[in-house]
Every structure is written in C-alpha cells, then in structure tokens.
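Below is one structure, written out as structure tokens, with a few remarks after it.
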Amino acid sequence: MQYPQSRSTGRFPRIPGRQGPDDPAEGLVPAQGNDALDAGTLDADTLDADTLDEGALDEGALDEGALDEGTATPGREEPGDRDRDTRLARERTATAAAELARFLDLLSRAARPGPAVDFASQRRLYEPRPYTGPDPAGPPRWEDFAPPEPPDGSEDTPDGSDAGPGRRLLDPAYQRERAQARLRHQRALREWREQQELLGDGGALQDRVHRDRIEHERAELARARAVEEYNATLDECHRAYRAGEPAAVESLLERALAAAGHATPDLPTACRAAYRPLTRTAVLDLELPSPQIVPSVAGYRPAPEGGGLEPVPRPDSERATHYLQLAARLTLRALHAVAAADSDEVLSGVVLNGYVRGPGTPPGGSCLLTVDADRDDLARTRLLPAGPAPAAPDLEDALAVLRALPSTVTPDPYGPVAVPPHATAGAAVPAAADLSPAEFGRLVRELLARMGLDGWTPRLQGRDGLVAVADGTDGTALPGRWVVWAARRPGSVDADAVRTLDEAVTEESADGGLWLTTTHFTPEAAELAAAEDGLLLIDGERLRLLLRTHLGEELAGEG
C-alpha cells in the first residue's frame, strides 16, 4: 500500500518513535508488515496541515479499519491485483499457444507415411561377421597407425617456397593428426599387453584363439540357419497371403498398420483388420483419438468485473476443422499403409470405419467416418502429401482427399453425430447386409463375369443395390446386352419393381433384364417375369447357390 507524501517536502511524514531527520535512515519506513502503522500511531499531531493538505485523503480514504490487518478495503480491486491478473493472463495465454503448437505439430506428423511393410521388405539377409578375437600375431605396429609421411620436398608450394619435410612437420594439422594416431596406437598396445597378461604365454594364446574361432564359426552358422528359417517361414506366409487365407492377410495388414504410426508414438491409434475372402475386402476398424485432443482455449484475459481470469474459447468451427483434419490424416495414413503392403494385389477393396470410444459414446463407440474404396480408388488417389505435410493454415487438404473417396464424414465430431458404417466385420460368413455397397457391387459383377457377362457399365449404385448394363459374349449362358438390377433390400420384390426393370430394358435397347435379390419375389412378380420375354429373376436362395458354384464361397442367408 502506498503512503501519501507531503506536498510541501516531497518526503514521507515522520513517524513518532522512528529515526529523526538527523539519523542516517531518515525517510525510510522499515518493512515490518501492517504492525508498523496501527490505529494509535497516526494522531492529530502527527498528521498536521503540512503533511496532509486538503484533498490528499478524501472522505473514506482512511475509514475505520482501513489500515488494520489486510490494509485493502473489502470489495475494492487494487491496482496491484489488476497487474497480477494481466501478468497471469499473459502466462496462461502463452501456455495455450504452446498447446496449440504441439497439436499442430502432431497434425503435421500424422500425415507422414510409415515404413513399407510387405513381404519383400521383411526378408532378412545374412551378412557374415568377421572374427575380432585375440590376435597372436604380435604387438600393434606404429606403422599401421601413423599418418602419411611428409612429401620429399621436390615440389613447390603455391607461395613459391619449398615444401620440404620440415615444412610438413611444422604443419599444426599434421601434428594433431600424428598425436591422435599416437593415442590410438598406445591404446591398442595397452590392450594387447593386457591380453598377454591374461592369457599367459604364446601357446595359451594360440589355444584361446583357436577356441574362440570355433565358437565364432558356430555362432555364425546359427545366425545363418536362423535367417534361413525365418525367410522360409516368411515365404510360407507369403504363399498363404497370395492364396487369400484370412489369417495371413490380417497378420500382414495389422503389422503394416502398426508400423504406420511410427511418426506419432505419442498418439496411439490401434487398428483391427478383418479379411473377407468372399469379396477379397479388408474391413478396418480404426480407433480415433477423442475430439478433446484439440485445444479448446485460445487464451485468457482478466475478467471485466475483476477477481480473476476468464478463458477466450476458440471458435467451434475451427476446433471441428482441426479435429476432422487429424482424423482424415490418420485415415489416409492407414489406407496408404494397407495399399503399400498389398503389393501382390490380393485385395479388391478396403472398408475403413473410424470410431471414437469413451465417455459419452455408445458401448461400441461412435463411428465418425467411413470409407468404402476399391483398389482403383486407392491407386489413383494421392493419399499422403509427397513432401512435408502442411499443418496450418492449409487445413483442408486431407479432408478434401478423404471426401473425394467414397466416404461419409460426420458433420459435427463434438456432438458427436455418428454416421452408419459402410460395412462391419462380424461373422466369418457375412450376410448381404454386412457388405458395403461397393463390396456388394463387386460380388455381383464377379459372379456375372463367371456366368459370361464380361462388359460392365454401372448406371447407379447405392446402399441397397445397383443398376448396371453388361454385355455377354456369344456361346455363354447370357449372350447379348443385359440390364442388371441387384438388390439387397429387406422384404420381397413386387411386380412394380419387375415392371420397372422391363421398362429399363426397353430404354437401353437391351436383349434382356436380370434381377438379383437376396430375399425373394412375390408371386405377381414371378408371373409378370414369366409373361415377358427376356426377364430373368434370381432370388436369394438361388443367388447363394450360384456363389457356391461359381466362386466357391458362401453368403449367409437373410435373418
């Protein structure tokens, strides 16, 4: 608390009982806390007119208890408190800026690709290691350590003086090089002498060297045998992978996904892989970090009413953009790892579901994004940036790439607003409803290709099915041009749907129409198809039979 000065002298008023004007400590008030000035110290004689003139202390400046314990008037903000709040606000704002910088660094590292993990990169190469045991040949020689000798002095230096041996010996660089070589020689000589003391005479040393060489050769044979056995096991896994065995495919993909996170060890993102041989599709469940990983406070400022600080929140749209950017980069990094590992092109497509699990989410988690991409989609898309990944302000790059793929992204990760996954990895034998739209379309196309319909032009594809035009070759079961409708909708297919197929055959000038369903047709639909030429209906039971016959795989029945 600042005490008033005398307007006439510019000095602090003298306090009774303290040093007088002639004392060496004149004008200094000892720092003794609030007891230095109590209520009885300031009387009428002490505070005279020269000390406190009119207006120096207005009414209420020294009220009852104003100078007692605590010194501050209750409910009043002191200037020191305001300065302290301002300083504390600056410190906490700097801390918030550092948290945002750490997140942006994480955002940048999340777009770095991991090391390639395919079968070729996992092979091991045996390289023999030389024997480095005791040497019975004798003590180390100085000639083996000494730097090159100076020239003989026959050539001239650039400045015209002779470069004789003396000039080279006076070179400081040469002297340093020679001193370092001398230290290395002395170290080697000392080690050799220690070996001599431990091993005794030369015969004992020869025996020790012989035994060490035998042990070294045995260790090298064991290393070579281990590398050979590992590569043989790897080759067996490679054959199983090319054959599409689920265990081999899932093992390779999960190793690749684990290696993809090498740039962000501080952000573990587990990813589980499941492989469906029926459609040659990998279904990935990616664990996304909580949206709370994005800093929510931009800084702090003193509260306008006084008494502390108040946070300055970051805009909700900015936080959502930051989080979706991070989720998109993690998703694209996982897709890149899978595509790089599948060098044998066993996979026809990849379905990735990004889940957030934790408080406030359903037991199975909330799906915030889902991708349904085939091999061609991944091949023609640059999933990760070629150079250093930008962190800010270019925040839409990964999100734009993700949205260019067949994908669905939540509009609000902080809701959170969940999206339905394109496919789920459940039973070993999936039902049609478990397949993604692209997965179901590939299954129908591959089946019809085995039946003779090679040409394929999709017209419409959605979650419930697809419409396409296919061309069959002569001599097959389905020659000519066909309009293909495939549906996996619940319930039966009625006559109106078959009539729509007949109209599409006329519009496309096709030779016939083919309707495949995972359920069944109503009797009216079957009668209509029988009355019209060129309409072929395949119900769910017959579809599963055709899959077993032509593809050798099963598709579970509906409900």
With side-chain hydrogen bond (donor to acceptor under 3.5 Å, both in side chains) as the criterion, how do R544 and T518 come out once you've worked through the C-alpha distance, each side chain's angles and the decisive distance to 0.1 Å?
CA-CA 8 Å; R544 289 187 290 275; T518 57; over 6 Å; no

Indicate whether the side chain of [X] and that of [Y] have a donor and an acceptor atom separated by less than 3.5 Å.
X    : Y    : value
S436 : R463 : no
S407 : R403 : no
D83  : T86  : no
R112 : H262 : no

Does D235, at its CG atom, have more than 12 non-hydrogen atoms belonging to other residues, nucleotides or ligands within less than 6.0 Å?
yes

R459 atom CZ: more than 12 heavy-atom contacts under 6.0 Å:
yes

Taking side chain as C-beta onward, heavy atoms only, is [X] less than 4.5 Å from [Y]?
X    : Y    : value
L347 : R280 : no
T331 : L352 : yes
Y300 : R90  : no
V484 : L448 : yes
D397 : V401 : no
E228 : Y126 : no
V338 : L257 : yes
T410 : L369 : no

Is it possible for you to check whether R488 lies under 6.0 Å from the centre of the six-membered ring of F440, through NZ or CZ, and within 45° of that ring's axis?
yes

[X] (side chain) donor-acceptor with [Y] (main chain) under 3.5 angstrom:
X    : Y    : result
S251 : A247 : no
T381 : L378 : no
N353 : A423 : yes
R129 : E220 : no
Y323 : P289 : yes
R333 : L384 : no
Q461 : P437 : yes
S108 : L104 : no
D342 : V346 : yes
R357 : P363 : no

So CG of L288 and SG of C271: to nearest 0.5 Å the spacing works out to 9.5 Å

Quick check for you: to the nearest 0.5 Å, what is the distance between T281 atom OG1 and D374 atom CG?
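Reported to 0.5 Å precision, the distance equals 9.0 Å.
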
For [X] against [Y], the heavy-atom pair lying closest together:
X    : Y    : value
L252 : A341 : CD2-O, 3.8 Å
T279 : R442 : O-NE, 4.4 Å
A298 : A96  : O-CB, 4.0 Å
Y275 : P246 : CD2-CA, 3.9 Å
R314 : V297 : CG-C, 3.6 Å
Y174 : P147 : CE1-CG, 3.9 Å

Less than 4.0 angstrom from a charged side-chain N to a carboxylate O is my criterion; do R272 and E250 meet it?
no

Decide, yes or no, whether a salt bridge links R301 with D85 under the criterion of side-chain N to carboxylate O below 4.0 Å.
no

Assess the residue pair R109 and D266 against the criterion (salt bridge (Lys or Arg N to Asp or Glu O under 4.0 Å)); give the C-alpha distance rounded to whole Å, side-chain angles, the decisive distance to 0.1 Å, and a yes or no.
CA-CA 11 Å; R109 289 185 285 119; D266 49 341; 2.9 Å; yes

Set out, in order, the CA-CA distance, both residues' side-chain angles and the distance that settles side chain to side chain contact (heavy atoms under 4.5 Å, CB included) for R445 and L466, then state yes or no.
CA-CA 10 Å; R445 179 175 180 174; L466 60 92; over 6 Å; no

